[in-house]
Number of protein chains: 4
Amino acid sequence: MSGSGVRPGRRRSEESRQAILGAAFDLLGEVGYARLTVEGIAARAGTGKQTVYRWWPGKADVLLEAVTAYAREHIPLPETADRAADLRTFLTATFAAATPRTSDALRALMAEAQIDPAFGERFRETLLRPRREALGAVVDRAREAGLLAPHLTTDTAVDLAFGALWYRLLATGRPLDDELAELLTRTLLR
Amino acid sequence: MSGSGVRPGRRRSEESRQAILGAAFDLLGEVGYARLTVEGIAARAGTGKQTVYRWWPGKADVLLEAVTAYAREHIPLPETADRAADLRTFLTATFAAATPRTSDALRALMAEAQIDPAFGERFRETLLRPRREALGAVVDRAREAGLLAPHLTTDTAVDLAFGALWYRLLATGRPLDDELAELLTRTLLR
Amino acid sequence: MSGSGVRPGRRRSEESRQAILGAAFDLLGEVGYARLTVEGIAARAGTGKQTVYRWWPGKADVLLEAVTAYAREHIPLPETADRAADLRTFLTATFAAATPRTSDALRALMAEAQIDPAFGERFRETLLRPRREALGAVVDRAREAGLLAPHLTTDTAVDLAFGALWYRLLATGRPLDDELAELLTRTLLR
Amino acid sequence: MSGSGVRPGRRRSEESRQAILGAAFDLLGEVGYARLTVEGIAARAGTGKQTVYRWWPGKADVLLEAVTAYAREHIPLPETADRAADLRTFLTATFAAATPRTSDALRALMAEAQIDPAFGERFRETLLRPRREALGAVVDRAREAGLLAPHLTTDTAVDLAFGALWYRLLATGRPLDDELAELLTRTLLR
DNA sequence: CGTTAATCGAGACGGTACGTCTCGTCTTCAT
DNA sequence: ATGAAGACGAGACGTACCGTCTCGATTAACG
C-alpha cells in the first residue's frame, strides 16, 4: 500500500549508473579485460569506487549488465509462419549482435564465469539461460511443425547451436556469419 | 660446435619440474583457479618462485603443460575399417578424458586464454590445434568413405563437435557422455 | 531591529544535541578515539550524520563541548583567607575532575589539537585558556600575599602545575592524587 | 653456532630504510601529520607501500625511529664535578634538540600515542623511558650531593621538568629556552 | 491557514587512504 | 648455473570514513 516502497535518503544516481556502464565498456575495448580495473572504471566514470561496489560485486557484473541490456534490445524473437526461417533469422540476429566490442565483453564474461563460480552462477542465470530459452522456443515451434531432426532434443539442439557460437568466439575466431547460421539451420532441421 | 648444448652449472631439476606440475594441479582442485597463485604453487612444491618463472611464463602455462601431457597420453587416434565407429570412438575417448579434475583445468585454461592474448596463442597452438587436427583426420576419413553429411566442411564439423564439448564444459555443466558422442556422430555423418 | 535573531523554520532539537554528546562520550569509552567516527556517533545517537556536521565541525568538537561543560560545573574557584590552601584546593579539585572517562576525553582532545591546528586553536581558547586563567588568579593572590617562590612568574608557575598534570595524563599514567597537589603547592610557594 | 643467524634471501635494503625515514620527516614538515600518509611516504621514498609495512606498523613508527636516532645522537649525558651545572646542561641540550622540525615530530608522536594505545606503549618504551632514565641519573647525582629539594623524589622531579617541556610543546607554544632550563634547575635543586 | 524556511533521519555521492595481496624481478647464500 | 629463500617496486583490491548532497517528512514563524 501507500508508501510501502518509498525509502528515505538520496536516490541512486542514474547518471552515475550510465557513466559506469559506459566507462567499463569503453575501457574494455581500450585496455582489455586483464587491465580493466574497478579503480579505472570509477575514475573514467568520474565516480568514487564505492559507488561501483555499492551496486555491483565487481567489474564483471558491470560488464554483464551492459551486455544483457544490449542483448535484450537487439535480438528479437521472430515468430512467423515459416518456422525454418524463424530459426535462421534468430541465429542471424544473434550472430549479428556479436560485434567486435560485444564479442570482447562476452569472452571476458565467459572467462570470469570460469574463474569466479559465484559470478558464473549470475552469468548463467542472467545471460545464458534467457538466451537458451529464447532459442529453445524457436526450436520447439520447429519441432511442432515436424521440422526438427528426429534424433535431437530441444536442449541438445540448443547445445549445438550455442556451442558453435561460443566455440568460434572463444577458440578459433572463425566468423559468426550467415553461412554458419544457414548451416546450423540445415543441421538442426533436416 | 664445442660442447654443443652442454652448459656449465647445475642442471635443471626434474624433481622440481614434476613437483611444480603436481602442486599446480592439486592446488587448482583445492582452491580454484582464482586463488591459485605462483607463490602458492612454489610453496607447495617446495621450490622458490623464481624456479617457476624461470621455466614457465605464469601459472596458466604450468597447467597447460600438465594438461597437454595428459591429453597426449590418454586420447588415441582410432583407425579401423569402420569409419563411423572411429568417429564415435574418438569422441567417447575425448569426453572420457574430461574428468572433473581435468575439466577444471581446461575451463581455467580457456578462461585465461580469453584474458591474456599471448597465452591464448600458446593455448591454441599447444592444445586446441592438435586436437582439431586429430578430429579433422577422423572426419576426413569419414568423408572419403562418403559418410559425412554433404553440407558440412571438415572445419565446420569439427566446430560442431568441439563446440558442443566446450559449451557443456563452460556453460551448462551437462554431461559429456556416450549419448552426446552418439548424437554428434549421427548429426555429422547421416 | 525587526525580528533580530528570530527565524522561521524548525528549531534545533535539544534532544538530538544531548544524544550526540552522550553517544560521543560513551563510544569514546567503548572503542577509543581512533575508532570513534562521526558515523558511529550519529548512528548511536539515532540521528543523521548531517545533524552532527550542522552543529559541530567534527568528532573532536563534540567531545570538547561535552568536556568543557563538565569542567565548568565541577571545578570551583576557591577564594578563602588561606591562600596557600586555596592553591592546594584548586589543584586537588582539578585532579579530581580527571576521572578515567574524562581523562580519556582530555587525552584525545590534546591529541587532536596536535594533528588539526584549527581545532588546536579552538581547544586552547575553549578549554586550556580558561583553566590557565583560573589557576593564574589563584597564583596571583598567593603572590600578593608574598607566598610565591621568588624566581617564578605566574605563567611559569602555571606551566609547572599544568605541565605535571598533562605529563602524567599523557605520558606516564602516574596518578593525579593529593600527594601531587601537595607537592606542587610546596614547590610553587616555598 | 656458526651461521645460526645467516638466512637465505635478499637482504633488507638500507637505502630504502634511509629513504623512508627521510621522506617521512620531510613530508611531516611539508604537509603536517594529518596529511602524512604511508602511501605518500612510500611514493616520496621511491619504494612500494609494502616495504614500509614490512618493517614498520605505520607512519608513526617511522617517525619514532627517525626521532629516537636523532635524540640518541644529539643529547649527551653530562657528568662533571658541578652537579647543578650538569642538570642545567642536560636540560639546555634537551631543549635545544627541540628544533621546529623535531618539535613537529614529537607533537605528532605524543598525539598518536594517545590515539593508538599499542603505539603508545612503543613510544613510551622507545623514547620517553630512556629520556626519563637519563634525566633521572642526573637528578640522582644531584641528590647524592645533597642538592635536590628535600620534598622531591627523583620521579617527581623528572615529572616536573618533562612536564614543563611537553606542556609548552603541546599546549602553549612558549619557548623551550635557557631561561626555562635555569628556572627548572633552581626549582628542583634549591 | 497556507506559505515559507529551517531542521530532522536516512542514505547515496565523489573522494582518499587504509592495510593486504599478488605480481614478476632482484639479490643472497648454498649446491 | 641453478636451487630455495625472501626483499623489492608496483599497483589493484575491497573497506572504511570523510564531508557533502539530495530526499521526503516535520515543525515553526509569518503573512
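To find a chain, count down the sequence lines: A is the first, B the second, and so on, and within it residues start at 1. Everything numeric here is computed off the predicted structure, so don't read it as measured data. Computed over heavy atoms, backbone and side chain alike; hydrogens, waters and symmetry mates excluded.
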Write down the distance between [atom1] ([X]) and [atom2] ([N]), rounded to a whole number of angstrom.
| X | N | atom1 | atom2 | result |
| --- | --- | --- | --- | --- |
| Arg35(B) | dC23(E) | CZ | P | 13 Å |
| Trp56(B) | dC23(E) | CH2 | P | 15 Å |
| Arg17(A) | dA12(E) | CZ | C1' | 16 Å |
| Arg12(A) | dC21(F) | CZ | P | 22 Å |
| Lys59(D) | dT16(E) | NZ | P | 16 Å |
| Ile115(C) | dA17(E) | CD1 | P | 15 Å |

Are any of [X]'s side-chain N or O atoms less than 4.0 Å away from OP1 or OP2 of [N]?
| X | N | value |
| --- | --- | --- |
| Ser16(A) | dG14(E) | yes |
| Arg11(C) | dA29(F) | yes |
| Trp55(C) | dC8(E) | yes |
| Arg54(C) | dC8(E) | yes |

note = Note: for Glu14(A) and Gly9(A) on DNA chain E, the residue whose nearest nucleotide lies more 5' is Gly9(A)
ask   = For residues 36-53 of chain C, which residues have at least one heavy atom under 4.0 Å from DNA chain F?
value = Thr37(C), Val38(C), Glu39(C), Lys49(C), Gln50(C), Tyr53(C)
ask   = If you take atom types as modelled and just measure distance, does the side chain of Arg10(C) reach the base of dT7(E) with a donor-acceptor pair under 3.5 Å?
value = yes
query = Asp61(A) and Trp56(A): which non-hydrogen atoms are nearest, and at how many Å?
reply = O-CD1, 3.6 Å
request  = Of all the heavy-atom pairs spanning Ala108(C) and Leu28(C), show the shortest one and how long it is.
outcome  = CB-CD1, 4.5 Å
NZ/NE/NH1/NH2 to OD/OE distance under 4.0 Å, Glu65(D) and Arg122(D) = no
task = Considering only NZ, NE, NH1 and NH2 on the basic side and carboxylate oxygens on the acidic side, decide whether Glu30(B) and Arg44(B) come within less than 4.0 Å.
result = yes
ask   = Between Gln114(B) and Met110(B), is there a donor-acceptor pair closer than 3.5 Å when you use the side chain of the first and the backbone of the second?
value = yes
query = Do the numbers put Arg17(A) on top of the ring of Trp55(A), so that NZ or CZ is under 6.0 Å from the six-membered ring centre and no more than 45° off the axis?
reply = no
task = Compute both the distance and the angle, then confirm whether Lys59(C) meets the cation-pi test with Tyr33(C): under 6.0 Å from the six-membered ring centre, within 45 degrees of the axis.
result = yes
